Every structure is written in C-alpha cells, then in structure tokens.
Colleague: 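Before we start, here is the structure in question, set down as structure tokens.
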Amino acid sequence: MEVALVLFFFLALTFVASAIAVRRGVRALQRRATVARQELRRRAGDAALSARAAQPGAVGEVARLRKELRAGVEGTRAILLAGVAHDPSLGEALALSEQLAGHAARLDAELASLVAAGERDRAVIAARLPALRERAERIRASAFALREAANERARHDEGEDLDTLQERIALEAKALRHWSPTIPGAARPSPPAGRAVDGPAPGSGGSGPDEARG
C-alpha cells in the first residue's frame with residue numbers, strides 16, 4: 001500500500017512538472033510570436049512611412065517629420081539601453097528617455113491621423129503642421145541632449161580607464177628596468193693585497209710547518 005502511494009505521488013509530481021514545463025514553453029512561444037508580429041508590423045509601417053516620405057507636398061513633409069522623430073527618440077533609447085548595462089548611473093537618463101518616447105508616440109499618432117484626414121483636406125495639414133513641427137523639434141532636441149550627454153560620459157570614462165592603464169604600465173615598465181642580475185658561479189671578491197690566498201694570516205696563532213715537525 002505504501003509503495004502504491006509513493007508511486008502515485010511520484011506520478012502526480014511528474015505530471016504536474018510536465019504540465020508546468022509545457023505551459024512555460026507555450027508562453028515562451030506566444031511571447032516570441034508576439035514579438036515577431038510586432039516586428040513585422042513595425043517594418044511594414046516603416047516601409048509605408050518611407051514611401052509617403054518620398055512624396056512631395058504636405059503629406060510627404062509630415063511623413064518625413066515622423067521618420068525624423070522616430071529616429072531621434074529610438075536612437076537615444078538604444079544608446080542608453082546599451083550603456084546602462086555597463087554604467088548603472090545612466091538609469092535615470094533611460095527613464096527620462098522612456099517618458100520622452102511616450103510624448104513622441106502621442107505626437108506620432110497625431111501626425112498619422114492628420115495625414116489620414118489630410119489626404120481629403122490638405123489645408124488642415126498646412127494649418128496644424130507648424131505647431132506639430134515645433135513639438136517634434138523640442139522632443140528631438142531633448143533626445144539629442146540625452147544622447148550626447150551619454151556619449152560624452154562614455155568617452156570620459158574610456159579616457160579615465162586608459163589613463164589609469166597607462167599609469168600602471170609606466171610603473172610596471174619602470175620596475176622591470178631595475179634589476180640585480182645574479183650570475184651563477186660568479187667569482188668571489190679578491191682578497192686584500194699582501195694576504196695569501198691559502199693558509200693562516202700572519203699573527204693568527206696558527207702553527208707553521210717547522211712547528212708541526214717539532
């Protein structure tokens with residue numbers, strides 16, 4: 001009976017673990033599919049926007065403005081995301097860039113709806129475009145300021161690291177140039193002049209050959 005209970009619990013645990021693994025796998029696949037769909041939509045939207053930007057007139061101008069806005073904000077966000085992995089102090093700048101991206105997304109939606117309506121009435125675009133362009137320029141200027149500050153910080157940190165490395169290399173090179181060579185089997189210093197190399201020194205009390213015979 002006990003063996004059957006142990007076997008039952010083992011099978012139940014195996015089933016639960018398998019169900020959890022399957023559920024996690026399904027969720028991972030769903031996340032990948034969602035990301036893939038979003039990427040496809042983004043690429044399709046970028047292609048359509050590029051096609052509009054090639055058109056002359058107010059519609060093309062709005063499309064070009066949207067492209068410049070996206071490029072400025074997304075470029076800054078990408079730089080900060082890459083930098084925050086090595087410099088956590090960029091976290092606040094990244095948070096600010098996310099807020100800036102929210103403003104850019106709302107403006108982009110306004111521009112998109114303006115173009116959709118403006119295809120029927122281009123005078124609406126001409127009337128609203130100056131104010132929208134001014135907002136876009138402010139967003140782009142803020143994104144540029146964040147991006148340049150992050151780049152300058154990265155260059156400064158790189159310079160400091162290089163300075164420190166150069167100092168350490170200079171110290172090590174100086175230490176390597178100061179050596180005391182030791183040659184195996186080197187001759188010992190010569191005795192003072194007038195002293196025999198072998199035998200006792202005069203006055204040392206040692207016995208000479210005649211004293212030994214006596």
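What you see is a predicted model; the values in this text were computed from it and never measured.
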Colleague: Cluster partners of L146, using ILVMFWY side-chain heavy atoms under 4.5 angstrom, listed by chain and number?
Modeller: L96
Colleague: What are the two closest heavy atoms between L129 and V62, and how far apart are they?
Modeller: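 In terms of heavy atoms, the two residues are closest at CD1-CG2, 3.7 Å.
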Colleague: Is the shortest side-chain heavy-atom distance between L107 and H103 below 4.5 Å?
Modeller: no
Colleague: State, yes or no, whether a side-chain contact exists between S89 and R153 at a heavy-atom distance under 4.5 Å.
Modeller: yes
Colleague: Does R128 have any side-chain hydrogen bond (donor to acceptor under 3.5 Å, both in side chains) partners at least two apart in sequence or in another chain, and if so, which?
Modeller: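 So R128 forms no side-chain hydrogen bond (donor to acceptor under 3.5 Å, both in side chains) with any residue.
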Colleague: Would you give the length of the straight line joining atom CZ of R133 to atom CZ of R138, rounded to the nearest 0.5 angstrom?
Modeller: 15.5 Å
Colleague: Only counting residues at least two apart or in another chain, list the ones meeting side chain to side chain contact (heavy atoms under 4.5 Å, CB included) with E167.
Modeller: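 For E167, no residue satisfies side chain to side chain contact (heavy atoms under 4.5 Å, CB included) once neighbours in sequence are set aside.
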Colleague: With sequence neighbours left out, which residue pairs that include part of residues 8-25 fulfil the salt bridge (charged side-chain N to carboxylate O under 4.0 Å, His left out) condition?
Modeller: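 Listed by first then second residue: nothing to list.
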Colleague: Among residues at least two apart in sequence or on other chains, which ones pass side chain to side chain contact (heavy atoms under 4.5 Å, CB included) with R140?
Modeller: E68, L69, E137
Colleague: Just list the side-chain donor-acceptor pairs under 3.5 Å for residues 75-84, sequence neighbours left out, or say none.
Modeller:
| from | atom 1 | to | atom 2 | distance (Å) |
| --- | --- | --- | --- | --- |
| T76 | OG1 | G72 | O | 3.0 |
| T76 | OG1 | A143 | O | 2.9 |
| T76 | OG1 | R147 | NH1 | 2.6 |
| R77 | NE | E98 | OE1 | 3.3 |
| R77 | NE | E98 | OE2 | 2.8 |
| R77 | NH2 | E98 | OE2 | 3.3 |

Colleague: Quick check for you: to the nearest 0.5 Å, what is the distance between E61 atom CD and L111 atom CG?
Modeller: 10.5 Å
Colleague: Please enumerate all residues that pass side chain to side chain contact (heavy atoms under 4.5 Å, CB included) together with T14, with sequence neighbours excluded.
Modeller: F10, S18
Colleague: For R135, give me all partners under side-chain hydrogen bond (donor to acceptor under 3.5 Å, both in side chains), at least two apart in sequence or on another chain.
Modeller: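 Here the qualifying residues are E110.
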Colleague: To the nearest 0.5 Å, how far apart are CD in Q99 and OG in S142?
Modeller: 11.5 Å
Colleague: Given a cutoff of under 4.5 Å between side-chain heavy atoms of I, L, V, M, F, W and Y, with clusters grown through shared members, what are the other residues clustered with V22?
Modeller: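 Hydrophobic cluster check, V22: joined to V26.
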Colleague: Just verifying a value: how many Å separate D108 CG and L132 CG, rounded to the nearest 0.5 Å?
Modeller: 11.0 Å
Colleague: Can you measure from CG (L94) to CG (L100) and round to the nearest 0.5 angstrom?
Modeller: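 Here the interatomic distance stands at 11.5 Å.
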Colleague: Return the set of residues passing side chain to side chain contact (heavy atoms under 4.5 Å, CB included) with L171 (not counting sequence neighbours), or none when no residue passes.
Modeller: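 Once residues adjacent in sequence are excluded, L171 has no partner under the side chain to side chain contact (heavy atoms under 4.5 Å, CB included) criterion.
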